[in-house]
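Note that the coordinates shown come from a computational prediction; the quantities given were computed from them, not determined experimentally.
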Amino acid sequence: ELSEGFKERGADAVYIDIPKPWEHIDKAYEALKAGCHLGVLVPTVNQITLEGATTNPEDTVIRGSGNRILYLGGQRNTIRNLTFENGDVTEYQQQTSQQPYDYPRGGAIIFNRSNAGTVSNCIFRNNRATLAGGAVASYTAQKTTTASFVDCVFSNNVATATDAKGGAVYMAADLQR
């Protein structure tokens, strides 16, 4: 029974492909080794809405505990009333040709090859990335990338490399492989 969690601990990756993955994300994170990947497959969804339990973002806190918190593709994502803290992508290995823009960027959230959408009434605190976007990074091969941050607070987020970009948010468009 997945609601009881995973028996494994220290996994390099966990992928969830079930009808309601949000009900089991906390259990999946418990199985991961720090700095490793959580994948959530929702093949029929091109728009994600994540919303906190109340309008107070402090009431719903998602902790990275040494991992990136969210990796989103698709279009028109909506995220509101949440706190993202301690997301960390400073321990990722060197990039490969399959993931040239993703790592190690976006400590809390990466919007990969998508138009990010709207993030509102959220708190981003103590998130880290090596190269760009200590809290959030957005990448797309389109000519523009769009994201709106409305009534959000960014506190103590950092991109750690000497030539890093975007301690809180980094957005890039028209990327070529």
Side-chain angles (χ1 to χ4, degrees), residues 12-15 25 28-29 32-42 46-50 57 61-80 82-177:
D12 290 326
V14 172
Y15 294 91
I25 288 176
Y29 269 118
L32 281 173
K33 178 172 42 177
C36 289
H37 304 281
L38 170 63
V40 179
L41 305 176
V42 188
N46 195 26
Q47 176 179 350
I48 301 293
T49 298
L50 297 172
V61 179
I62 304 173
R63 292 180 179 86
S65 302
N67 298 290
R68 175 180 294 124
I69 297 169
L70 291 175
Y71 185 106
L72 296 172
Q75 306 295 318
R76 302 173 309 277
N77 299 293
T78 301
I79 300 171
R80 60 181 163 251
L82 295 166
T83 295
F84 297 91
E85 71 179 17
N86 301 326
D88 193 324
V89 291
T90 57
E91 298 298 322
Y92 281 109
Q93 301 299 316
Q94 184 173 353
Q95 300 176 52
T96 68
S97 61
Q98 282 75 38
Q99 57 188 32
Y101 308 118
D102 306 348
Y103 306 97
R105 299 168 173 96
I109 301 173
I110 188 165
F111 296 104
N112 184 27
R113 295 173 181 82
S114 68
N115 282 324
T118 303
V119 180
S120 61
N121 194 37
C122 288
I123 299 170
F124 294 87
R125 114 177 116 224
N126 302 325
N127 298 291
R128 299 165 31 102
T130 302
L131 295 180
V136 179
S138 179
Y139 294 88
T140 182
Q142 300 170 12
K143 294 291 181 190
T144 61
T145 182
T146 58
S148 297
F149 295 91
V150 179
D151 296 326
C152 293
V153 175
F154 293 87
S155 173
N156 199 32
N157 300 285
V158 63
T160 61
T162 304
D163 58 345
K165 297 170 177 68
V169 176
Y170 182 74
M171 300 181 73
D174 198 19
L175 296 173
Q176 303 296 316
R177 284 187 180 243

With sequence neighbours left out, write down each residue that passes side-chain contact (heavy atoms from CB on, under 4.5 Å) with A28, or none if nothing qualifies.
F6, V14, I16, L38

Just to verify, what does R125 make a side-chain hydrogen bond (donor to acceptor under 3.5 Å, both in side chains) with, not counting sequence neighbours?
E58, E85

Would you say C122 and P57 make side-chain contact, with heavy atoms under 4.5 Å?
no

Please list, chain by chain and in numerical order, all residues satisfying side-chain contact (heavy atoms from CB on, under 4.5 Å) with I62, sequence neighbours excluded.
I69, L82, F84

Is there side-chain contact between I109 and F124, with heavy atoms separated by less than 4.5 Å?
yes

Taken in chain and number order and not counting sequence neighbours, the residues that satisfy side-chain contact (heavy atoms from CB on, under 4.5 Å) with T160 are T90, R128, T130, V158

Okay, side chain of N157, backbone of N127: is any donor-acceptor separation there less than 3.5 Å?
yes

How would you list all residue pairs meeting salt bridge (Lys or Arg N to Asp or Glu O under 4.0 Å) that involve residues 155-172, not counting sequence neighbours?
none

Which residues pass the side-chain contact (heavy atoms from CB on, under 4.5 Å) test with N86, not counting sequence neighbours?
N126

To the nearest 0.5 Å, how far apart are SG in C152 and CD1 in I123?
9.0 Å

Please name the pair of heavy atoms, one in P104 and one in A129, separated by the smallest distance, quoted to 0.1 Å.
O-CB, 3.6 Å

Can you check whether I110 reaches V89 side chain to side chain, under 4.5 Å on heavy atoms?
no

For the student: nearest non-hydrogen atoms of A159 and G133, plus distance:
CB-N, 4.3 Å

